[in-house]
Amino acid sequence: DGYKLIEVEFPPLPAQVLEMDDVSAYDVLDANLNLALDFAKLFAAKQTKSAEDSDNKIKIPNNIAILFPDESEMGIGLERTDMTKDPYPGVTISSLRCSDPRDTRFFKPEQTFMA
């Protein structure tokens with residue numbers, strides 16, 4: 001389809017920090033979001049530079065998306081970091097699973113994972 005996708009998996013905190021009792025899942029979420037944003041800004045900055053430099057043969061994506069697994073995790077991340085869905089030019093924060101605004105059901109079985 002012509003889209004270039006990069007999936008980055010990382011623990012942005014050292015293992016010693018992750019094992020501490022006072023580090024919460026929210027701390028890890030904040031660190032993940034900040035690291036992903038810093039990473040995305042690098043691509044966005046290169047995209048702007050390549051638009052000015054017509055001799056550049058490397059194609060840089062026009063849009064960069066940071067994707068959360070679902071809307072609720074995205075909402076928590078944005079709220080805790082005081083970010084918007086468009087925190088930097090060319091960078092968007094969204095979620096893989098989006099609810100349909102016309103769906104008025106309180107409980108949505110398709111959004112429940114069972115192991």
Side-chain angles (χ1 to χ4, degrees):
D1 60 5
Y3 291 103
K4 301 285 184 204
L5 301 176
I6 297 175
E7 181 175 349
V8 179
E9 294 188 30
F10 49 84
L13 302 172
Q16 307 92 310
V17 175
L18 290 172
E19 292 170 1
M20 297 171 114
D21 291 336
D22 61 342
V23 174
S24 72
Y26 295 121
D27 295 327
V28 175
L29 182 131
D30 293 348
N32 280 337
L33 182 54
N34 287 321
L35 183 60
L37 183 59
D38 289 343
F39 191 72
K41 284 179 183 179
L42 294 173
F43 282 101
K46 286 184 180 182
Q47 189 272 334
T48 304
K49 274 179 92 174
S50 68
E52 297 167 0
D53 181 14
S54 60
D55 294 335
N56 192 348
K57 303 292 185 222
I58 299 172
K59 288 193 151 204
I60 303 294
N62 293 331
N63 299 304
I64 295 102
I66 298 171
L67 298 174
F68 280 91
D70 55 47
E71 289 178 321
S72 41
E73 190 171 346
M74 179 187 71
I76 292 167
L78 292 175
E79 182 179 314
R80 287 185 52 82
T81 57
D82 292 326
M83 285 187 201
T84 65
K85 289 184 177 183
D86 299 307
Y88 190 79
V91 178
T92 301
I93 298 175
S94 189
S95 64
L96 292 171
R97 297 172 62 99
C98 298
S99 57
D100 184 348
R102 299 170 294 171
D103 188 354
T104 58
R105 296 176 296 161
F106 178 73
F107 178 72
K108 299 173 178 133
E110 66 275 7
Q111 292 184 352
T112 305
F113 293 104
M114 303 215 176

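Nothing here was measured: the structure is a model prediction, and the numbers come from that model.
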Exercise for review: Tell me, with the steps shown, if L29 and F68 meet side-chain contact (heavy atoms from CB on, under 4.5 Å).
Suggested key: CA-CA 10 Å; L29 182 131; F68 280 91; 4.1 Å; yes
Point to revise | Derivation of the side-chain contact (heavy atoms from CB on, under 4.5 Å) call for L37 and M83 | key: CA-CA 10 Å; L37 183 59; M83 285 187 201; 3.5 Å; yes
**Study point:** Listed partners of F39 passing ring-ring contact (aromatic ring centres under 6.0 Å, His included), at least two apart
**Key:**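 In terms of ring-ring contact (aromatic ring centres under 6.0 Å, His included), with neighbours along the sequence ignored, F39 is linked to F43.
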Check your understanding: For D86, what residues pass the side chain to side chain donor-acceptor pair (under 3.5 Å) criterion, not counting sequence neighbours?
Key ->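 For D86, the residues satisfying side chain to side chain donor-acceptor pair (under 3.5 Å) (neighbours in sequence not counted) are T92.
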Point to revise | Any residue meeting side chain to side chain donor-acceptor pair (under 3.5 Å) with S94, in chain and number order, not counting sequence neighbours | key: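 Partners of S94 by the side chain to side chain donor-acceptor pair (under 3.5 Å) criterion come out as none, since no residue qualifies.
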Check your understanding: Is the number of heavy atoms from other residues, nucleotides or ligands under 6.0 Å of D22 CG greater than 12?
Key ->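 Yes, enclosed.
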**Study point:** Short side-chain to backbone donor-acceptor contact, D27 and S24, under 3.5 Å
**Key:**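 Here the side-chain-to-backbone pair exists.
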Review point. So, for M74 and S95, which heavy atoms are closest and what is the spacing to 0.1 Å?
Key: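 Taking every non-hydrogen atom into account, SD-N, 3.9 Å.
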Point to revise | Heavy-atom closest pair, residues Q16 and M20 | key: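 Smallest interatomic distance, heavy atoms only, reads O-CG, 3.3 Å.
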Quick one: are [X] and [Y] in side-chain contact, heavy atoms under 4.5 Å?
| X | Y | result |
| --- | --- | --- |
| L18 | P14 | no |
| I93 | T84 | no |
| D70 | L96 | no |

Exercise for review: Report the distance from atom CG of L33 to atom CD1 of I76, rounding to the nearest 0.5 Å.
Suggested key: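 Those atoms lie 12.0 Å apart.
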Review point. For D38, what residues pass the side chain to side chain contact (heavy atoms under 4.5 Å, CB included) criterion, not counting sequence neighbours?
Key: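 With sequence neighbours excluded, D38 shows a side chain to side chain contact (heavy atoms under 4.5 Å, CB included) to K41, given in chain and number order.
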